[in-house]
Amino acid sequence: MQMAIAILVAAGLLAASSAEAQAPADELDQNWINVCPGAVPGTPFYERCQEILNAGPGSGGRRSAAASGNNLETISAQGRAGSGSAEAPRFELSEGRFNFFASVQSGFQERPASDTESAYDAMVQGLLVGVDYLASPSVTTGIGFSYQSSGVDFEAGAGDLRKDRIGALGFWNWSAAKAVSFESYVGYDRLSHDVERTTQYVITLNQGQPTQESRQIFGVARANVSGHQLQAGGALTGDLRVRLLTLAPRAALEYCGTTLEPYAESDGLGLAMAFDEQKFHSLVSRAGVFASTALSPAWGVLSPQVRAEYVHQHGSDERRIRTRFVQDTNGYRIALRTEAPDRDFWMLSAGAVAVLPGGFSAFLDFQRLLGNDQMSEQTLSTGLRARL
């Protein structure tokens, strides 16, 4: 069996924070008295400040109800939500010098709530197409174009997030006598996010007085966020034969740097916020083994495959997201903390590659993340490869 090409589309929108970090709602709760002096009378923000600062004890500890109702935990989770490693499983090399490949991917993510980040469910779909060129018996190079879309629902109606990513990826593979190979890639993605964050609270004004009343606020703050992402990585893979079984030990290192441009929300009944530029980095190492065997049905070759990888996150420490209220003329900034990622976990996958007559091959692969306390994830991928 020829050593196959792994086309890696690194994900890297991993955000960060420590378990002892103060919750975003607590951070805001302590700063209402600092932000409200910048409110201009007659604006929705001024009205919110009057309600919040004059709320009675029945309002969940004065300002705390309004702080929690801003759902700032969704902001801390946005860098992480809907991102995932999109590694295309391996194809058998065809005999052609030029080859076309395409794959589609569908995944589901689920994250529990923490002190600093909101829980969510996410559906992730991706498409990868490209060509590769067999420059010599030992060197293959190529380019791929990818599109990924994520739909994220935060728990309890706290907000929604739509993430789109489009990019290009160049890769290179070198193999020596089919016993060892080295793969590398570099890529660039353009990011576009549509964000909705619920702003809501119920507070009591003039507590215990004849003019006592309950004030309910329910709004949605919206924003369009742009950014970009740089990726690079490499992997060294061996090829060992044990009777009918092929074992391929593999070690890889992947980097991803992400920048989100400054943006401001709109609407939100005066509670829209503006955010400074955000930058975060991910450096991941992987070590594992790929195992396969070959069957020979009448129509071609079928190769069942399994893969197990231990993953360690070196970078992506906790971050602080600096934000202010859009209608705060003083521009008082609040620092919202994110959570540090789980440093160590496993990626397991199982699937098969079918080599067909006429220079065609196809694959099906199921991958699952295990041992990560902050995330559960399953991904199903399928694709084809054809000689040109």
Side-chain angles (χ1 to χ4, degrees), residues 7-15 74-89 101-111 117-130 143-155 157-171 185 187-198 220-231 233 254 256-261 263 265 275 278 280 282 284 316 341 347 349 363-369 374-384:
I7 300 169
L8 307 175
V9 182
L13 291 174
L14 293 177
T74 66
I75 296 167
S76 299
Q78 283 168 15
R80 188 192 310 270
S83 65
S85 180
E87 178 179 335
F101 58 85
S103 64
V104 294
Q105 190 177 65
S106 180
F108 177 76
Q109 296 177 342
E110 186 175 11
R111 175 179 169 81
E117 298 187 17
S118 181
Y120 63 79
D121 296 331
M123 294 295 298
V124 183
Q125 290 82 37
L127 171 67
L128 174 69
V129 297
I143 187 169
F145 300 92
S146 63
Y147 172 74
Q148 187 183 82
S149 177
S150 306
V152 182
D153 292 320
F154 291 98
E155 70 172 4
D160 299 285
L161 171 66
R162 168 69 182 266
K163 301 176 70 171
D164 293 295
R165 186 177 77 186
I166 184 169
L169 181 80
F171 60 92
Y185 70 88
Y188 174 84
D189 297 314
R190 190 63 187 170
L191 310 176
S192 177
H193 302 173
D194 292 324
V195 182
E196 292 188 352
R197 177 176 61 89
T198 302
V220 178
R222 298 176 175 86
N224 301 114
V225 189
S226 297
H228 63 268
Q229 181 172 285
L230 296 174
Q231 314 169 32
E254 302 171 354
C256 183
T258 303
T259 299
L260 296 182
E261 299 168 3
Y263 70 94
E265 297 174 326
F275 299 86
Q278 301 178 51
F280 37 102
S282 172
V284 172
S316 191
M347 298 294 293
S349 69
F363 77 85
L364 182 68
D365 184 85
F366 177 76
Q367 179 174 271
R368 181 161 187 172
L369 184 152
Q374 299 177 359
M375 182 84 67
S376 64
E377 179 181 278
Q378 302 85 38
T379 304
L380 181 66
S381 305
T382 186
L384 60 86

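Owing to the predicted nature of the structure, the values given are computational and were not obtained by experimental measurement. Keep in mind that the numbers below use all heavy atoms, side chains included, and drop hydrogens, waters and symmetry copies. We number each residue from 1, following the sequence as shown.
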- Query: Can you name the side chain to side chain donor-acceptor pair (under 3.5 Å) partners of S149, sequence neighbours left out?
  - Reply: R162, D164

- Hey, what do you get for CZ (F280) to CD (Q229), rounding to the nearest 0.5 Å? 8.0 Å

- Query: Where do A122 and V152 come nearest, in terms of heavy atoms and distance?
  - Reply: CB-CG2, 3.9 Å

- Message: I need the L191 CG to I166 CD1 distance, nearest 0.5 Å.
- Response: 11.0 Å

- Note on the structure: For I143 and F101 the tightest heavy-atom approach is O-CZ, 3.8 Å

- Note: Y185 and L169 closest approach over all heavy atoms is CD1-CD1, 3.4 Å

- Is the backbone N or O of Q109 less than 3.5 Å from a side-chain atom of S376, with the two atoms forming a donor-acceptor pair by type? no

- Task: Would you give the length of the straight line joining atom CD of E254 to atom SG of C256, rounded to the nearest 0.5 angstrom?
- Result: 9.5 Å

- side chain to side chain donor-acceptor pair (under 3.5 Å) against E261, all qualifying residues, sequence neighbours excluded: R190

- The reported gap from CD in Q105 to OG in S381 (rounded to nearest 0.5 angstrom) is 4.0 Å

- Item | Donor-acceptor pair, side chain of R111 and main chain of M375, under 3.5 angstrom | no

- Task: Give, for atom CD of E110 and atom CG of D153, the distance between the pair rounded to the nearest 0.5 Å.
- Result: 12.0 Å

- Query: Looking only at heavy atoms, what is the nearest atom pair of A223 and Y263, with distance?
  - Reply: CB-CD1, 3.6 Å

- Query: Side chains of M347 and E377: closer than 4.5 Å at any heavy-atom pair?
  - Reply: yes

- Where A77 and E117 come nearest, the two heavy atoms and their spacing: CA-OE1, 3.6 Å

- Closest non-hydrogen contact found for D189 with S146 is OD1-OG, 4.1 Å

- Note on the structure: CZ (R165) and OH (Y147) are apart, to the nearest 0.5 Å, by 11.0 Å

- Query: Between T74 (side chain) and R197 (backbone), is there a donor-acceptor pair under 3.5 Å?
  - Reply: no

- Heavy-atom check, side chain of I75 versus side chain of F275, under 4.5 Å: yes

- Message: With a 4.5 Å cut-off on side-chain heavy atoms, are E196 and F154 touching?
- Response: no

- Query: Using 30° and 60° as the class limits, which term best fits the ring planes of H228 and Y188: parallel, tilted or perpendicular?
  - Reply: parallel

